[in-house]
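Got a structure here, written out as structure tokens. Questions coming.
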Amino acid sequence: MRILWFAWFRTRVGAAEEAVTLPAEIRDVRGLVDWLRTRSPGHAAALADDAAIRVAVNQTYVKFDHPVTDGDEVALFPPVTGG
Amino acid sequence: MRILWFAWFRTRVGAAEEAVTLPAEIRDVRGLVDWLRTRSPGHAAALADDAAIRVAVNQTYVKFDHPVTDGDEVALFPPVTGG
Amino acid sequence: MSGPSVDAGKLVVVRVQHEDFDVGAEIAALTQGRPAIGGVTSFLGLVRDIHGDARVGAMTLEHFPGMTERELARISDEAHARWPLEATLIVHRVGRLEPGDRIVLCAAASAHRQAAFDACAFLIDFLKTRAPFWKLEATDGGERWVEARASDDAAAARWQGPETRS
Amino acid sequence: MSGPSVDAGKLVVVRVQHEDFDVGAEIAALTQGRPAIGGVTSFLGLVRDIHGDARVGAMTLEHFPGMTERELARISDEAHARWPLEATLIVHRVGRLEPGDRIVLCAAASAHRQAAFDACAFLIDFLKTRAPFWKLEATDGGERWVEARASDDAAAARWQGPETRS
């Protein structure tokens, strides 16, 4: 699975992109976020607050109950501030 | 008194501007409009409908109860359609 | 990155002209030297080729020189009194225009997006019901003076307070 | 003055770019060949020199290439579905910008003024809450990521129907 990080999620994680092998027991975004938090203190800091996490699977916004599979591209980022 | 006509009031009256001597008994816009209607069939046609008459005394919108004197410039025109 | 903001003062631009205008240049002139401006909402009015059920070939815009500029300034001043604006602009053309031609540009610049939107809508709504302009259309059926629309009165009435009732 | 109107079709323009844009040229391109358009409402967003209580020297706009364009197209399509529009435009810059620089231009063109205003407000409100852009500001106190504002969520919520809830 390809993970993309943007804005201050990227600076806390220390990478714009990661390739991860999704554990078989993880079936949805909720599970993915919880698992990613365990990867490093930076990951935990980026994902500290559920309310501040936006998720796009294959470039489309999804909620935490959305299913994920190892072939997905999952982007994680804070609330947007363009315009 | 200087009377200015605009848009289809102008075409019905047949003049953009008239110089009139205000009869002494006319004190307000209401009286002026009623008197102007008697000047010609064109004047009567232009001023046929009170609701379609807009009045500016010295370039400021006024209502029918506004006083007028012989030194005023009074513009009469239909509802505006700019923009 | 230091020192106080330079307050360039509130800007009110009102113009009535025969010539066309450049939308980008007008808006750039409005914002130049005013770094507190976060957004500019503008409305550009164009001559349509259809009015009601008639094709419009051209139109002639007549106005009341002097009073027009006064009314546009009054409408602009009231927008500044109602919203926290840095600058406003109203440019309106007169004379002969053809379908697709620019007629009017209203713009409101503010630190705040909602103020810019509301003030710009206010400017065009009041211009349409108070500024002394009249349109004479040339259609297939001949020349006709455009009639005022009840929907324009209703749009202006949205903003109506005691200070704007005539 | 005769013959049917040429229907040029609905126009949807979405661009993300480093370069500056020309507001007048963008709006002229939107209305060119569409004589049914009576009005164009546009919103131009600029970099302010003050954000909260800090002076801003410059900012860098980051985005999610690919998804950004998809979201902007989605927002545009929804505006066309909601209002009778002839054309819409969203141009957004990325990269390093300084106070006074243009950031974004949204525009909606319609036969009807109110539709143009509502659709333009909708475009910028949704862009601000859904399009994946992020601002990194350089202030006197160092670099900081701009925080999302509750007022932007509230502005977008005005338009919220079932089809726009994520």
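Any value given below was found using the heavy atoms of this structure, including those in side chains, with hydrogens, waters and symmetry copies removed. A, B, ... follow the sequence lines: proteins, then strands. Residue 1 opens every chain. No experiment lies behind these values; they were computed from the predicted model shown.
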Checklist entry - Is any side-chain heavy atom of D:Arg70 closer than 4.5 Å to a side-chain heavy atom of A:Thr60? => result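 Yes. Closest side-chain heavy atoms under 4.5 Å.
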Next on the checklist: Heavy-atom count check: over 12 atoms from other residues, nucleotides or ligands less than 6.0 Å from D:Glu147 CD?
Outcome noted: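 Open.
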Checklist outcome for this item: Honestly, the part of D:Leu136 sitting under 4.5 Å from a heavy atom of chain A is neither
Next on the checklist: Evaluate D:Trp134 against A:Thr81 for side-chain contact (heavy atoms from CB on, under 4.5 Å), listing each step before the verdict.
Outcome noted: CA-CA 5 Å; D:Trp134 301 273; A:Thr81 57; 4.0 Å; yes
Checklist entry - So, for D:Glu62 and A:Ala7, which heavy atoms are closest and what is the spacing to 0.1 Å? => result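 Nearest heavy atoms, D:Glu62 then A:Ala7: OE2-N, 2.9 Å.
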Next on the checklist: Between A:Arg54 and chain D, with a heavy-atom cut-off of 4.5 Å, which part of the residue counts as in contact: side chain, backbone, both or neither?
Outcome noted: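 Contact with chain D: none, neither part.
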Checklist outcome for this item: In short, D:Pro65 meets A:Gln59 closest at the heavy-atom pair O-NE2, 3.8 Å
Next on the checklist: Using a 3.5 Å distance criterion without hydrogens, assess whether the side chain of D:His92 forms a donor-acceptor pair with backbone atoms of A:Gly82.
Outcome noted: no
Checklist entry - Is the backbone N or O of D:Arg130 less than 3.5 Å from a side-chain atom of A:Tyr61, with the two atoms forming a donor-acceptor pair by type? => result yes
Checklist entry - Checking D:Arg74 against chain A: side chain, backbone, both or neither under 4.5 Å from a heavy atom? => result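 It is the side chain, since no backbone atom gets that close.
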Item to check | Separation of D:Trp145 CH2 from A:Phe6 CZ (nearest 0.5 Å) | outcome: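 Between atom CZ of A:Phe6 and atom CH2 of D:Trp145 there are 10.5 Å.
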Next on the checklist: Please verify the inter-ring angle class for A:Phe77 with D:Phe64; under 30° counts as parallel, over 60° as perpendicular, anything in between as tilted.
Outcome noted: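 A:Phe77 and D:Phe64: perpendicular rings.
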Next on the checklist: So which atom in A:Val80 and which in D:Ala148 form the shortest heavy-atom distance, rounded to 0.1 Å?
Outcome noted: O-CB, 4.0 Å
